[in-house]
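For the numbers below, each heavy atom of this structure counts, side chains included, while hydrogens, waters and symmetry mates do not. Order of the sequence lines sets the chain letters (A, B, ...), proteins ahead of strands, with each chain counted from 1.
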Amino acid sequence: MAARGTRGQGLMARAAASPHIVWSVLFIIAPLLFVVYYTFTDADGAFTTENVSRLFTSNYVLIFVNSVCLAFIATVICLVIAYPTAYLFSRMKAKRQRAAVLLIMIPLWMNFLITTYSWMTLLEDTGIINSALRRIGLGAAHMINTPGAVVVGMVFCFLPYMILPIYTVMSGIDEKLLEASADLGCNGWQRLVRVVMPMSLSGVVSGITMVFVPSISTFYISQKLGGGTFQLIGDTIESYFVGSAINYHFGAALSLVLMVLILISMAVMNHYTDSESGERTKMV
Amino acid sequence: MNGKKLIELRGITKAFDGEVVLDNISLDIYEDEFITLLGPSGCGKTTTLRIIGGFETPDKGDVIFDGKRINDTPPHKRHINTVFQKYALFPHLNVYENIAFGLRVSGLKDEEEISRRVREMLEMVNLRGFERRHVTKLSGGQQQRVAIARALINKPRVLLLDEPLGALDLKLRKDMQNELKGMQKRTGITFIYVTHDQEEALSMSDTVVVMNNGSIMQIGTPTDIYNEPSNAYVADFIGESNIVDGVMLDDYSVKLAGHTFVCVDKGFGKNTPVDVVIRPEDVDVVPTAEGELCGHVVSVTFKGVHYEVIVDIDGFKWMIQTTDYVAPDTDIGVKIEPDAFHIMNKSEYSGMFGDYSSFSDELDQLSENGGEDD
Amino acid sequence: MRKHGLLLSAALCASLLLFALSSCSGGEHDDLYVYNWGEYISDGSEDSLNVTEEFEAYYEELTGRPMKVHYTTYPSNEDMYAKISGGTSNYDVIIPSDYMIERMIGEGLLSEIDIEAVCEKYGAECYYEYIGDDYRGLFYDPEDKYSVPYTYGRVGVIYNKTMVDEEDLGGWELLWNEKYAGKILQFNNSRDGFATAMYMAGDDVNSTDPEVWRRAQAEMLRQKPIIQSYVMDEIYNKMESGEAAISAYYAGDYFTMLDINEDLGFYYPERTNVFVDAMCVPAGSANKEAAQLFINFMLSPEIAIANAEYIYYASPNSLVFEDEGYIEDMGEEAMEILYPEGFSFADELNTYAYKNLDAKTLELVNSLWEDMKITGGLPASVYVTAAVLAAAVAALIIAAAVRRRRRARWY
């Protein structure tokens, strides 16, 4: 009797979990398998590694390098801006903190396509910033359609994703630990460097991931703000799937390589923080 | 204690959100002293400690350290270290680095020197060999000792301890009490200890400061506090005491519960109403015929060490601690030695502490509202 | 926990069911799924006629059944092709360009239509006869079995009169003029992009000779450094705001831009692309008759004129280009540009329209285009910045690791 009861329970539990399993299989696993399938077949369905090997020609390597460089720069800038901001927020009084966090979140409510388009109108040669500069008499600065504009777009779109995880981890650091460090002789700066920084590392890693991954695969930002004169990985993948040079096989190969690249960098980062053991922010 | 004043608190007042937490506190703390701030939750003892440490600033009053006013000196500049209630060990560092933290912060770069001093500390707290351990993997007692080592490595003049033993179990607590006492004697550092456990305070301290509601009730040695509480509050808080209404007829003579006793106190004038404190262990149980007072036994509880007997004497419930068995619901006589009486002037605390119908304030109020009058 | 799980799954199933049901036609009304280019129908904005609403009313009056038109848009033929060939969507009316129609016919993606027969069946007045003779029997659908022409257009050069010197005007060469470096826009798709170079060289835009395409790519590469941006939709903004000075685009779109920016001018180079967009019914349509009724409706005079005036493209419908009101509304300049004298549509179409390329050439074109797009790295400053930052980060990490190692030696 008891056995039947528990077996029934297990079935119920599994049934309850099944939507998640169904979802995962349908929308995550199956598409991944499709990508792998397309990567290793050619137009006739025969097995081939040419899709992948073609990616190691200098042109495509250059795209990867370009994408990585721009994404890297954008991520570093985000980190440099976000870290002190998150720290300041975490030390504010509670009411002000809430207002500050809200301010950060508001851009997220906007579709990032619109954000990118607005940056276009800001940065164009006839755009808002240049009009203002000309009125002051400072002449125009050519900003649009440059890698710089793309980096600005990336930073602006993804900055909240860097601030929030760092801020969350920082505000979770127990006040008593900071008091203890002050007690032991740390001034404000030392508290930041010796206590807050090591303990906020997990937030930093989250933030880096959440900025680097979309930055490296972006296509809209680079087209609108970069002018399409230099291609990034995202642009190329897009043109292979829906753009002007439809070829699912190359697109899949490119996507797969991008995925592997991202997984490797995440693994490296995780390994690094594991050995740091900076996971805990709560007191012992 | 060598008589030199180290810290002076002068007229410290502090309020949080309009609620006054410390009301004009003044206190002297000496070098090489083990001083305990004792009182119930909310009495202001922790706030006082934090003001000394620099984590709070007083609204009014001065904190003077070694003759200099340090109100505006931030914690990291004071030669004072703290052992926090929940230890506040750095979770991202191992034992060695936690202890070495203070040294590194002060700029010491010589690894050999650091190593020597860290090991010295580990030796002192009996944690030799624990250098590489991660603080999350330590037991409560071990963590506490790391916290102490971490605080002492800077060789501060004063160590603040904020109820550090609360989370430990009884036997470990007793051991740690002894260790702390020993450490203080060995290092000569002034320990300022905060607790609500009066037994702890009495067993460890050179000086006890009893606090209540933001004011200091009494300062003295443990024996003074225990034997000669200055008012009913202190008498009630420290140990068990029967606080009875009485009249001081004349020097050495006090009348209570309808009987006149000889006592050893004088100087209260003639026919003065007073509070009389009699410790439960000072009351002898005798047959009713021999008793100076008679009473009816309400309850008897076996405490292992002794029996705790609640006796109704003249409408007031007394507590008696005796190693002899007394049967409940019988009549007994009691005899009290003259020097067992401790006479106190009436104060605002008189009559606040009721009798032994119940032990705590909460049940007191319930019985006041619902029960018969005494 | 278990109870919650059950509740959750029930809720999920219910919502899925609801979702599925809502997208089925409930039998209350007929549905028509129209898939068209963006801004390619009079949709009721700016005081214009709302064609889909008018059709819904017309259909109900004609058949007695209510109709709901679901109207969606696509930015390019390739996008639309991807959707239709994917087989998952079932649109009823699509409006592809000539070469795409040819391809889709070849792949069996289009259904045969007979407007006159459907009109007769429903008793509707038929307007098919008003399609001009010039626009019948075109190369992509020689027997007019799959398509009805909707608009046609020609690509020309749009320029900003205040930013370009008059003496530089003329021919495709203007787009390669280094004087205007950084102010020139180019098409962001392979056919149109390469075509500008091929027309300029006098090559056949439908050549199967790889050399021809490579030449075109070489020209594109030569042009790349002076290009401001590769655009499709963004062109409106950039020309209207004066951000760019020179671009190539369709005549009808020129008029749309002219409305906003009066400084714009237009001319046709000697050889330029002519295209036809025609209405078709995909093979997978669930409502082929309603689709054909819609196509017929689009040919009716009031609707056809409203559309032609809204999108500014030339119409193959004689009810439009012979209508006096329309001629007057358009104005002389527009009529000249859209319906030039002596313009032999069929000839031009056959010579200069994009036709379907065979798979091998298509693959070559695609890869040449991609290579062209990819070529050219970033300015050195980017690489230098990245390298410097990487070095800084590495230095920090290494320093921290060294310090930790040094300390750890003591315990």
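- The parts of C:Arg407 that come within reach of chain B are both its backbone and its side chain, each placing non-hydrogen atoms under 4.5 angstrom from that chain.
- For CD of B:Glu113, the number of neighbouring non-hydrogen atoms (other residues, nucleotides, ligands) closer than 6.0 Å is greater than 12.
- Proximity to chain C is limited to the side chain of B:Arg104, based on heavy atoms less than 4.5 angstrom apart.
- Within 6.0 Å of NE2 on B:His76 lie more than 12 heavy atoms contributed by other residues, nucleotides or ligands.
- Enclosure of atom NZ in B:Lys77 is not indicated, since only 12 or fewer non-hydrogen atoms of other residues, nucleotides or ligands lie within 6.0 angstrom.
- Heavy atoms of B:Glu97 lying under 4.5 Å from chain C belong exclusively to its side chain.
- The neighbour count for C:Glu39 CD, taken as heavy atoms of other residues, nucleotides or ligands under 6.0 Å away, does not exceed 12.
- Here the closest non-hydrogen pair linking B:Glu111 and C:Trp410 is CB-NE1, 3.0 Å.
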